[in-house]
Number of protein chains: 2
Amino acid sequence: MVDDAQDPDTPQARGGAAATIPTTPPGAGRRPLDRRRVLGAAVSFIDEHGIEALTMRRLGNHLGVEGMALYRHVSSREGLLDGVVETVVDELYGDPDVFLEPRHGWQDYLQRLAHGVRRLALAHPAVFPLVATRPPAAPWVRPPLRSLRWLESFLDALTGSGFSDGAAVAAYRAYTGFLLGHLLLEVSARGVPISSHDEEADAASPPAGALDGYPHVRRLEPLLSEDESAAEFEEALEELLERLERILRESRRG
Amino acid sequence: MVDDAQDPDTPQARGGAAATIPTTPPGAGRRPLDRRRVLGAAVSFIDEHGIEALTMRRLGNHLGVEGMALYRHVSSREGLLDGVVETVVDELYGDPDVFLEPRHGWQDYLQRLAHGVRRLALAHPAVFPLVATRPPAAPWVRPPLRSLRWLESFLDALTGSGFSDGAAVAAYRAYTGFLLGHLLLEVSARGVPISSHDEEADAASPPAGALDGYPHVRRLEPLLSEDESAAEFEEALEELLERLERILRESRRG
DNA sequence: ACCTGAACACCGTTCAAGT
DNA sequence: ACCTGAACACCGTTCAAGT
């Protein structure tokens, strides 16, 4: 009997009930699967249990089907993850706060877009690292704006506002770097539910004595643990827009 | 016979020779394993074959040992990955360009440190996403500066240069966000050798017609594919230091 | 003291067979 | 047309047994 050999922390053992009981969504009973439904289920599965817990068999179960049936709709587990990233990024197109007309200049657009991406990251904190790190289709399709459609829209807004080609490209690079860094940090500080088993030792203070050689850290610990992410994001975004404004002015003079 | 059922792209099938032939490093013949050697081997294995290819059994083989032997030195595969991240981050302590005395003020220090982290990211592009995304020990130990020691050193340099406590913490947040975003984009654009099997379709242009609905992207494709990462990094770092200088001035006035 | 072999409970994936 | 069962080659992990 090595039945209980698996450590309870192990990915296989985590995510218990919800992962193993076939929780076919209400009303979705015998409707045949399609790609959209598979990807949607994968997104919520990851949101709930983390990426590590997502296996073909468990996702199948979750949909009331054997894992093998998923291969009708995705090419492989990797293909599934690509689809998950795409699904989440596509959510942005449905966000009225990003697309609401009329737009008031490029700053307004970049601000809406940034807030839209942030909302998305916070809505799917366990998926966002995937959005951030999956190898992009082309090296210049930079996360977290992973689609030609967003890139085109970005370039259109900026060149239409007087940015030279070079300035628009420089702005794209600065903007994506900004979003990626800030949102990844925000999401990872929020503690993606990897190792969710220990609900108590959560926001607790560090184990007494762990900060012993680090006087500054100890003194600033309260300050450091304050969650200023929202304000921080706003401020950094503001700074970035000012920087882009300088780029625009230079590109107009040049 | 379903022997060849595995797709050749699949992680299991990749990383062939070097992963399966026991390439015991020269002179390391019968010396017993230790944790340092295991972690070092894991780092170079990942650099060479990517994280997906790293299994306990293959890493064991690489070290001339059965995979099970590794459990003497790491608690699990997750523990191994934690150790890998730690090992790579610790390399910074040995970097003379970061620590070389005398230092000329906090700007000089932050500049050296940033370049050190960048060198590290470029030296281990396949490991860096791990450095960026593994859940940190405490929420305020932010990647990619993942250690209390670096945090302490950072705070010490800044508070010693006149930053108030609040300003030093704000600077720490801005600085880590900057590093994470820029370096993650840089290594992901460099195409971590995930799916290394297709060496040809490499820096090639996009499949004809793929850019059809995207006129700006098509027009700017040459500009977009230029690798400006080094210059970009310098410029963004410069901007960041100026921003921190403003924070310092305000914190002095306040 | 350190490593191996065998064993177990999983996995991803294919394919012929069922409805 | 869509799903299942059985099969295969792998995995991570434990533990008793070997040297």
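Taking atom CZ of residue Arg72(A) and atom P of nucleotide dA1(D), one finds them 9 Å apart after rounding to whole Å. Between Leu81(B) atom CG and dC11(D) atom P there is a gap of 15 Å when expressed in whole angstrom units. Rounding to whole angstrom units, CZ of residue Arg77(B) and P of dC11(C) are separated by 15 Å. Between the NE2 atom of His73(B) and the C1' atom of dT13(D) there is a distance of 17 Å, rounded to whole Å. Per the geometry, CG belonging to Asp34(A) stands 15 Å off C1' belonging to dC3(D), to the nearest Å. Summarising the geometry, the separation between CZ on Arg57(A) and C1' on dG12(C) is reported as 7 Å, rounded to the nearest angstrom. What separates CE of Met56(B) from P of dT4(C) is a distance of 13 Å, to the nearest Å. Atom-to-atom, OH of Tyr71(A) to P of dG5(D) comes out at 17 Å; the value is rounded to the nearest Å.
For Phe99(B), the side-chain contact (heavy atoms from CB on, under 4.5 Å) test picks out Tyr93(B), Arg103(B), Trp150(B), with sequence neighbours left out. Listed by chain and number, the residues in a salt bridge (charged side-chain N to carboxylate O under 4.0 Å, His left out) with Asp97(B) amount to none (sequence neighbours excluded).
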Open item on the list: Can you give me the dot-bracket string for DNA chain C, 5' to 3', counting Watson-Crick and G-U wobble pairs with both distances under 3.5 Å, using [ ] for crossing pairs and | for partners on another strand?
Closed with: ||.|||||...|||||.||
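Among residue pairs with one or both ends in residues 137-148 of chain B, those qualifying as salt bridge (Lys or Arg N to Asp or Glu O under 4.0 Å) are Glu232(A)-Arg142(B); sequence neighbours excluded. Each salt bridge (Lys or Arg N to Asp or Glu O under 4.0 Å) pair with one or both residues in residues 115-131 of chain B, not counting sequence neighbours, appears once here: Asp95(B)-Arg119(B), Arg118(B)-Glu186(B). Applying the ring-ring contact (aromatic ring centres under 6.0 Å, His included) definition to pairs two or more places apart or across chains, none involves residues 119-138 of chain B.
A side-chain donor-acceptor contact under 3.5 Å links Tyr172(B) to the backbone of Trp140(B).
Of all heavy-atom pairs spanning Leu70(B) and Leu33(B), the tightest one is CD2-CD2, 4.0 Å.
Met68(B) comes within contact range of at least one nucleobase, with a heavy-atom separation under 4.0 Å.
Between Arg58(B) and dC11(D) there is a side-chain N or O to OP1 or OP2 distance below 4.0 Å.
Set against dC3(D), dC2(C), dG12(C), the side chain of Leu33(A) has dC3(D) as its closest nucleotide. Candidate nucleotides dC2(C), dT4(D), dT13(C) were compared by shortest atom distance to the side chain of Ser76(A), and dT13(C) ranks first.
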